Amino acid sequence: MLEKQPDFPWRAGGGSLNNRAMLLFDTLTRTERNLRPMDGTSLRFYCCGPTVYGPAHIGNFRTFVLQDVFRRTLETGGIRTLHVRNITDVDDKTIRDSQAAGKTLTDFTRGWTEKFHADCASLGLLAPHIEPGAVEHIPQQIAMIEALVGKGNAYASDDGSVYFRISSFPGYGRLSRLDERELDLGKTQNARSSSDEYEKDSLSDFVLWKGRRPEDGENFWPSPWGEGRPGWHLECSAMIQEYLGDSFDLHSGGVDLVFPHHENEIAQSQCACGGHFAAHWFHITHLLVDGGKMSKSLGNMFTLADLTAKGHTAMETRYVLIGAHYRKPLNFTLDSLSGAREALAKLAKGARQLAANADPDAVLTSVGFGPFQAAWDSLNNDLNTPGALGGLFTGLREAAALKGAEASAALAGFNRVLRALGLTLPEEVSPLAADVPDAIRELAEGRWQARLSKNWAESDRLRDELAAVGWQVKDGKEDYTLTPI
RNA sequence: GGCGGAGUAGCCAAGUGGUAAGGCAAUGGUUUGCAAAACCGUCAUUCGAGGGUUCGAUUCCCUCCUCCGCCUCCA
């Protein structure tokens, strides 16, 4: 929490959009704290990215979407960001599944990375400024392990693996409150579970470098401890060191990463690099599906492609994902997805009405949020996205009476909040647009003519026929529109 | 078992020590040849259950019930 507010020269002239800093809950201190760039220039943050061994599911995307809203809110408020999100392209699962697919690890992970990027684009996620991959940063990882070994925080075992010695780092467990969790870390010298395939001094010590094993196939790299591959926790620490240094503003991920992943990152990075590592921890809670855990066996593990196949757009999915506060479980249902379509249409309509009342010349010069101030405040108050959505609807109701410059200012505020939420609204369906098939157009035109001549039977028949092939007709006074169902 | 989180109308979901945002669905009316769409309305005396503190609690405290996450390289 910096006392002095840095001067942000890139802010819109004439006033600050953001008259108070963004307040965000911090997992480590369990308090809401103001966010200010520690270097006074840009807010630098790291997000744990996907492991690219299959399509990401909507639970993964809840995290990425919320991180995107976080970044957009900062930027809308005039704060520059530096967003780093990694790609985990080497681990047990990527190796196992690439072999099953008969592909090289590189080819395999590249395919899933491309799929991930496509999904991100559909969901309106801003690309991170830097997106490092684990494999291309193995030298940095080896260097960090060497530093840890040199300082006595890590040790090599007989099989060529290297482990972090938890007992060497007194701060271990602060993030996840290990001391309150009855875990006897570091004193199980002989207790070694059968699944513990590598040799380590303490059951709780975690691996930094994994010695080469036959099932790794071609996937190994040389190191001072022999051939092998990096451990998962270390990948992130090394890439953070490379791009953000010893100390940076914020680290984010899903709640499941608090322990052990983020706990281990802290231990590795603070021991190897000094510095305080992340100043703020931002964790997003899991989503539930139909009130329970998402799982393949229950058939409720949805990917974006699954939802698209059911006729839902990515933007509708995004709307649902930001429909609950990030620290509460979100109960995802297909019904709520259908509701999102109506809600987005309602926002789009409100925006069109506001634009119709606005003075176009005033839009460019207006600053602030007008009737949408409450929505903006919600976003800056611990990223309350559902509160912001509610504020959009109530703001629209207030703004309906505005004309000219006032409507313009309101529209600008609306658009700022919308941009922060990362929502794009559906275009009004053009009645006889080019993408309406000729056959459909003929049916609709035939119905309209029948209707004009009061041939209700024929008109209704054609209406049913259109509905059967997926088109809904909406009649106006002098014309009609078509909407794909 | 330990730690953390959640239970708010049919569904999704904000919020507050002072009497419950918003969206979807539903429903009444206007309109319509009938629908749809559109427009104007209605829709939680109540916030898992029971105690306690308080002038007053859904909001604070205690107990209980239910659900979820982590404690195994899952966002």
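Lettering follows sequence order; numbering is per chain, from 1. In this text, all values refer to a predicted model and were calculated from it rather than measured experimentally.
For B:rC74, the OP1/OP2 oxygens have no side-chain nitrogen or oxygen of A:Arg62 closer than 4.0 Å. Dashed line: the shortest gap from a side-chain N or O of A:Lys293 to OP1 or OP2 of B:rC67 is not under 4.0 Å.
Look at CE on A:Met294: it is 12 Å from C1' on B:rG69, rounded to the nearest Å. Rounded to an integer number of Å, the gap from CZ of A:Arg174 to C1' of B:rG4 is 17 Å. Taking atom CG of residue A:Leu66 and atom P of nucleotide B:rA13, one finds them 13 Å apart after rounding to whole Å. Atom OH in A:Tyr480 sits about 26 Å away from atom P in B:rU31, given to the nearest Å. Summarising the geometry, the separation between CG on A:Leu344 and P on B:rG23 is reported as 13 Å, rounded to the nearest angstrom. Atom CD in A:Glu235 sits about 12 Å away from atom P in B:rA75, given to the nearest Å. Whole-Å rounding puts the A:Tyr319 OH to B:rG22 C1' distance at 8 Å. One atom, NE2 of A:His262, and another, P of B:rC3, lie 23 Å apart when rounded to the nearest Å.
Side-chain contact of A:Ser157 with A:Asp159: a donor-acceptor pair under 3.5 Å is present, judged by distance alone.
Across all strands shown, B:rU59 forms no Watson-Crick or G-U wobble pair with both key distances under 3.5 Å. Using N1 to N3 plus N6-O4 or O6-N4 for Watson-Crick, or N1-O2 and O6-N3 for G-U wobble, each under 3.5 Å, B:rU27 pairs with B:rG41. Using N1 to N3 plus N6-O4 or O6-N4 for Watson-Crick, or N1-O2 and O6-N3 for G-U wobble, each under 3.5 Å, B:rU72 pairs with nothing. Using N1 to N3 plus N6-O4 or O6-N4 for Watson-Crick, or N1-O2 and O6-N3 for G-U wobble, each under 3.5 Å, B:rA13 pairs with nothing. In this entry B:rC64 has B:rG48 as its Watson-Crick or G-U wobble partner, both defining distances falling under 3.5 Å.
Of the candidates B:rA36, B:rA14, B:rA75, the closest approach to any side-chain atom of A:Lys474 belongs to B:rA36. The side chain of A:Glu342 lies closest to B:rC24 when the candidates are B:rA14, B:rC24, B:rA75. Among B:rG33, B:rC11, B:rG22, the nucleotide with an atom closest to any side-chain atom of A:Arg447 is B:rG33. Relative to the side chain of A:Pro260, the nucleotides B:rG33, B:rC71, B:rC24 differ in distance, and B:rC71 lies closest. In this structure, of B:rG22, B:rC34, B:rC12, it is B:rG22 that holds the atom nearest to the side chain of A:Phe393. Which of B:rC24, B:rA14, B:rC34 sits closest to the side chain of A:Lys346 comes down to B:rC24. For A:Thr333, whose side chain is taken as the heavy atoms from C-beta onward, the closest listed nucleotide among B:rG23, B:rA21, B:rC12 is B:rC12. Between B:rG5, B:rC70, B:rG33, one nucleotide has an atom nearer to the side chain of A:Trp456 than all others, and that is B:rG33. Here the nucleotide nearest the side chain of A:Leu330, chosen from B:rA13, B:rG69, B:rC74, is B:rA13. Among B:rC70, B:rC34, B:rG15, the nucleotide with an atom closest to any side-chain atom of A:Arg451 is B:rC34.
If you check every strand for non-hydrogen atoms under 4.0 Å, A:Gly59 touches a base. Using a 4.0 Å heavy-atom distance criterion, A:His325 is classed as a sugar-phosphate-only contact. Among the protein residues, A:Gly231 comes within range of no part of the nucleic acid, since none of its heavy atoms lies under 4.0 Å from any strand. Across all strands shown, A:Arg96 has no heavy atoms under 4.0 Å from either base or sugar-phosphate atoms. In this structure, A:Asn331 reaches the sugar-phosphate backbone alone: every heavy-atom distance under 4.0 Å involves primed, P, OP1 or OP2 atoms, never a base. Among the heavy atoms of the strands, none lies under 4.0 Å from A:Ile284. Counting non-hydrogen atoms under 4.0 angstrom, A:Pro386 reaches a base of the nucleic acid. Using a 4.0 Å heavy-atom cutoff across all strands shown, A:Thr88 reaches no nucleic acid atom at all.
A distance of about 15 Å separates the P atoms of B:rG1 and B:rU63, rounded to the whole Å. Taking atom P on both nucleotides, B:rG17 is separated from B:rU59 by 11 Å, rounded to a whole Å. Between B:rA6 and B:rC61, the two P atoms lie 12 Å apart (nearest whole Å). When the C1' atom is used for both B:rC43 and B:rC24, the distance is 13 Å, rounded to whole Å. Across the P atoms, B:rU54 and B:rA49 are found 23 Å apart, a figure rounded to whole Å. Separation of the C1' atoms belonging to B:rC74 and B:rC64 is 32 Å when rounded to the nearest angstrom. A gap of 12 Å separates the P atoms of B:rG22 and B:rA44, to the nearest Å. If you take atom C1' in B:rC67 and the same atom in B:rG52, they sit 26 Å apart, rounded to whole Å.
Look at A:Asp119 and A:Lys115 and you find a salt bridge, because one of the NZ, NE, NH1 or NH2 atoms lies within 4.0 Å of a carboxylate O, short of that distance. With respect to A:Lys346 and A:Glu342, no salt bridge is recorded, no charged nitrogen being found less than 4.0 Å from a carboxylate O. Between A:Asp68 and A:Arg85 no salt bridge is recorded (no basic side-chain N to carboxylate O distance below 4.0 Å). Checked for salt-bridge contact, A:Asp92 and A:Arg229 meet the test: a charged N lies under 4.0 Å from a carboxylate O.
Ring geometry, A:Phe248 versus A:His251: the interplanar angle falls from 30° to 60°, so the pair is classed tilted. Ring orientation note: the planes of A:Trp448 and A:Tyr480 are tilted relative to one another, at an angle of 30° to 60°. The aromatic rings of A:His233 and A:His261 are tilted relative to each other, their planes meeting at an angle between 30° and 60°. Note on ring orientation: taking the six-membered ring where Trp is involved, the planes of A:Phe164 and A:Phe206 are parallel (angle under 30°, cut-offs 30° and 60°).
Side-chain atoms of A:Arg463 come within donor-acceptor range of the base of B:rA35, with a qualifying N/O pair under 3.5 Å. Not a single donor-acceptor pair, N or O on each side, falls under 3.5 Å between the base of B:rA25 and the side chain of A:Asp335. Side-chain atoms of A:Asn384 and base atoms of B:rG15 include no donor and acceptor less than 3.5 Å apart.
Positionally, the nearest nucleotide of RNA chain B for A:Arg327 lies more toward the 5' end than for the other of A:Asp475 and A:Arg327. Comparing A:Trp232 and A:Gly339 along RNA chain B, the residue whose closest nucleotide (by nearest heavy atom) sits nearer the 5' end is A:Gly339.
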